[in-house]
Amino acid sequence: MDMLLQILITGFVIGSCYSVVSVGMTILFQTTTVLNFGHGECVMIGAFIFYTFQFMLGASLPVAIILTMFSCIIIGALMDRAVFRPIVFAPHVNVVLATCGFLYLYRGLARLIWKSKPRFPPTLIDIQPMDLGGVIVTSQDIAILVSVFLLASFFIWIFLFTETGLKMRAAAQSLRGAALVGINTENFFTGIWGVSVGAGAIAGFLLGPIFSIHPDMGESFLLRAFAAMTLGGFGNIGGAAIGGIIMGIVENLVGLYIWTPLKEVASYMVIVGVLVFKPTGILGVRKF
Amino acid sequence: MKGSRSKYMIQAGFLILLFCIPLVTNNYEQYIINLIFVNFLVCLGLAIILGFSGQFAFASAGFLGVGAYTAGLFMVRLGISYWPALLLSGFVTLVIAVLLATIGLRLRRYYLAITTISFTLCMRFFYVNAGKLTLGPSGFNIPHATLFGFNFNTDHRVYYIVLVVVLLFSVLSWNILRSKIGRAFMAIRDDEEAAAAASIDVKKYKLLAFAICGVLGGIAGGLYTQVLGRITPDEFGMLPILLHFVIVVLGGLGSFFGLMIATIIVTIIPELIRAFVEFQELLYGAIIVLIILVAPGGIYGLMLKYSPIRWREKLHGSVEKYS
């Protein structure tokens with residue numbers, strides 16, 4: 001019983017990071033209709049930039065976090081301005097290929113700068129693991145839960161209670177309509193790209209101490225985010241968040257109770273299973 | 001009459017040229033040429049399903065893997081000779097492709113893309129972890145093919161197997177694409193509802209596209225075993241999916257000739273920049289992004305843009321651009 005509870009908590013913690021990745025992908029997909037196949041690599045780049053600031057340049061934790069967020073938002077905005085703005089009316093295939101191009105580009109860049117060997121950054125905060133009646137919660141678990149909670153509250157506040165959020169919702173519903181009532185959709189796209197890559201970076205440095213960081217780590221995040229998006233109904237932000245958490249729990253349960261290597265393909269099986277039996281996902285509406 | 005005769009002469013000359021290639025190459029160059037031919041066959045499958053019938057099915061690397069493992073395992077485990085194994089690899093992949101299509105037919109665009117990518121990675125997982133059957137993550141060596149005592153044990157000899165099989169299947173696909181089936185594919189690609197309204201059985205033709213992609217991928221997989229001599233699960237993971245995708249889009253979707261050029265370029269580039277192995281992925285990514293920005297129509301689009309006007313109609317008449 002303790003074992004099950006432990007797995008549920010670990011799954012929830014890791015899953016909440018998957019949610020951050022998949023929500024980042026979903027808001028991008030919702031507004032710009034770009035499905036970013038290079039998003040896993042954005043997670044990887046975020047993790048490495050944070051590692052560089054904190055452990056190679058020796059910045060303190062808050063400074064490192066702020067600098068990482070800042071640079072990743074800039075990276076996202078630049079991606080939009082330089083590449084995705086000019087091809088906004090191109091066929092879907094071309095846009096998908098451009099995101100694949102970034103996948104290679106970032107992987108190559110990371111291999112060049114930080115080399116291939118995996119690195120194990122220390123945890124964000126340093127306190128003793130706590131024993132809550134047989135269930136052990138580590139310091140990184142707490143750091144992740146607190147950060148994701150803060151991030152989620154921040155997003156919900158922006159999204160539901162500010163004017164920016166109102167504009168965002170308007171643009172997500174109908175881009176043309178939003179442009180007609182005077183919302184600057186071009187800047188808006190750039191902003192969304194920044195936020196999306198920034199969210200990926202957060203997940204990257206939160207999960208870094210648990211999974212280790214290396215240039216090939218992006219692929220698994222990408223597939224998990226896809227699974228979470230599919231599970232929650234494609235293009236549904238709340239669904240993506242819940243889907244991420246479910247993915248985290250499911251893959252840990254599968255790893256423990258069925259077969260450890262199966263953990264790696266749990267996400268693919270979830271994708272295929274959902275698409276065969278309930279293609280709309282748990283919160284989605286049918287639109288394909 | 002005279003025109004068609006000179007056309008046959010050119011074709012025959014080209015064929016003879018192809019058969020003479022091994023006379024002037026060394027082993028390494030021959031290996032690269034073999035690789036180009038096999039890649040062309042796989043990408044042809046992907047081009048048919050993606051460029052001609054407009055389905056986002058990135059399963060070509062998966063089919064390649066199924067074909068290679070079928071041929072390899074039949075030869076190693078059961079000790080049957082290469083030729084029936086090659087046929088079996090085409091057949092098994094056909095069955096798998098049809099099974100995948102039963103799911104795939106219900107999905108569109110990104111859903112289909114994600115499902116087919118998942119399929120490919122699941123197969124890779126299977127090769128790695130079902131070690132009792134597939135000999136595990138380090139792969140296995142493949143015995144050479146023999147025909148009436150003649151052993152195909154060098155790259156130059158393997159080339160003739162590859163050449164004959166690839167030519168056969170390319171001509172077959174070319175003819176299929178120019179027939180009623182090919183036109184139905186393009187109609188479905190351009191507008192599915194309109195195609196259905198024109199009494200084209202959309203489901204049937206989509207299934208057919210999957211089947212053709214499967215057979216081409218499977219046969220290419222069978223050839224792959226002889227070209228490489230050894231197969232490992234990593235040959236069929238995420239990177240090959242992207243590689244095939246890059247080739248098809250670089251060639252220009254729905255263009256046969258562009259596909260050939262793109263296959264040659266993309267297969268040779270990694271070999272040329274082998275000295276700068278650290279920069280390989282970086283360069284690759286930069287090239288992809290640049291192509292999308294500068295020449296979104298791929299090589300075919302460039303040909304249309306810069307060729308003399310009297311050729312343009314001919315080029316355009318063969319296949320239309322995907323939009």
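Below, chains carry the letters A, B, ... as their sequence lines are ordered, and counting in each starts from 1.
Side-chain atoms of B:L282 and A:R111, non-hydrogen and from C-beta on, never get closer than 4.5 Å to each other. Side-chain contact between A:V96 and B:F245 is present, with at least one heavy-atom pair separated by less than 4.5 Å. Within the 4.5 Å cutoff, the side chain of B:L250 has no heavy atoms near those of the A:L97 side chain. Here the side chains of A:V93 and B:F56 are in contact, with some heavy-atom distance below 4.5 Å.
Interface remark: of the candidates A:W259, A:Y104, A:Y106, A:F37, A:Y104 forms the most heavy-atom pairs closer than 4.5 Å to chain B. No other option in B:L242, B:T102, B:T115 has as many heavy-atom pairs under 4.5 Å with chain A as B:L242.
A:L262 contributes atom CG, which lies 8.5 Å from atom CG of B:N129 (distance to the nearest 0.5 angstrom). In this structure, OH on B:Y111 lies 8.0 Å from OG1 on A:T230, to the nearest 0.5 angstrom. Note that the CE atom of B:M123 and the OH atom of A:Y268 stand 13.0 Å from one another [nearest 0.5 Å]. Rounding to the nearest 0.5 Å gives a distance of 7.0 Å between CZ of B:F58 and SG of A:C100.
When all heavy atoms of A:I271 and B:S118 are compared, the closest pair comes out as CD1-OG, 3.5 Å. For the pair A:G101 and B:I288, the tightest heavy-atom approach, listed with the atom from each and the gap, is CA-CG2, 3.7 Å. Smallest separation of non-hydrogen atoms from A:A98 and B:V289: O-CG2, 4.1 Å.
Heavy atoms of A:L103 lying under 4.5 Å from chain B belong exclusively to its side chain. With a 4.5 angstrom heavy-atom cutoff, A:A227 does not touch chain B via any of its atoms. Of the atoms belonging to B:L283, not a single heavy atom falls under 4.5 Å from chain A. Interface residue B:I292: backbone and side-chain heavy atoms are both found under 4.5 Å from chain A. For B:V246, the parts lying near chain A are the backbone and the side chain together; criterion is any non-hydrogen pair under 4.5 Å. With a 4.5 angstrom heavy-atom cutoff, B:I103 touches chain A only via side-chain atoms.
Checked against the 6.0 Å centroid threshold, A:F226 and B:Y110 do not count as a close aromatic pair.
Environment of NZ in B:K203: sparse, with no more than 12 heavy atoms of neighbouring residues, nucleotides or ligands closer than 6.0 Å.
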Step-by-step side chain to side chain contact (heavy atoms under 4.5 Å, CB included) determination, A:L223 to B:L121
CA-CA 10 Å; A:L223 266 299; B:L121 295 178; 3.8 Å; yes

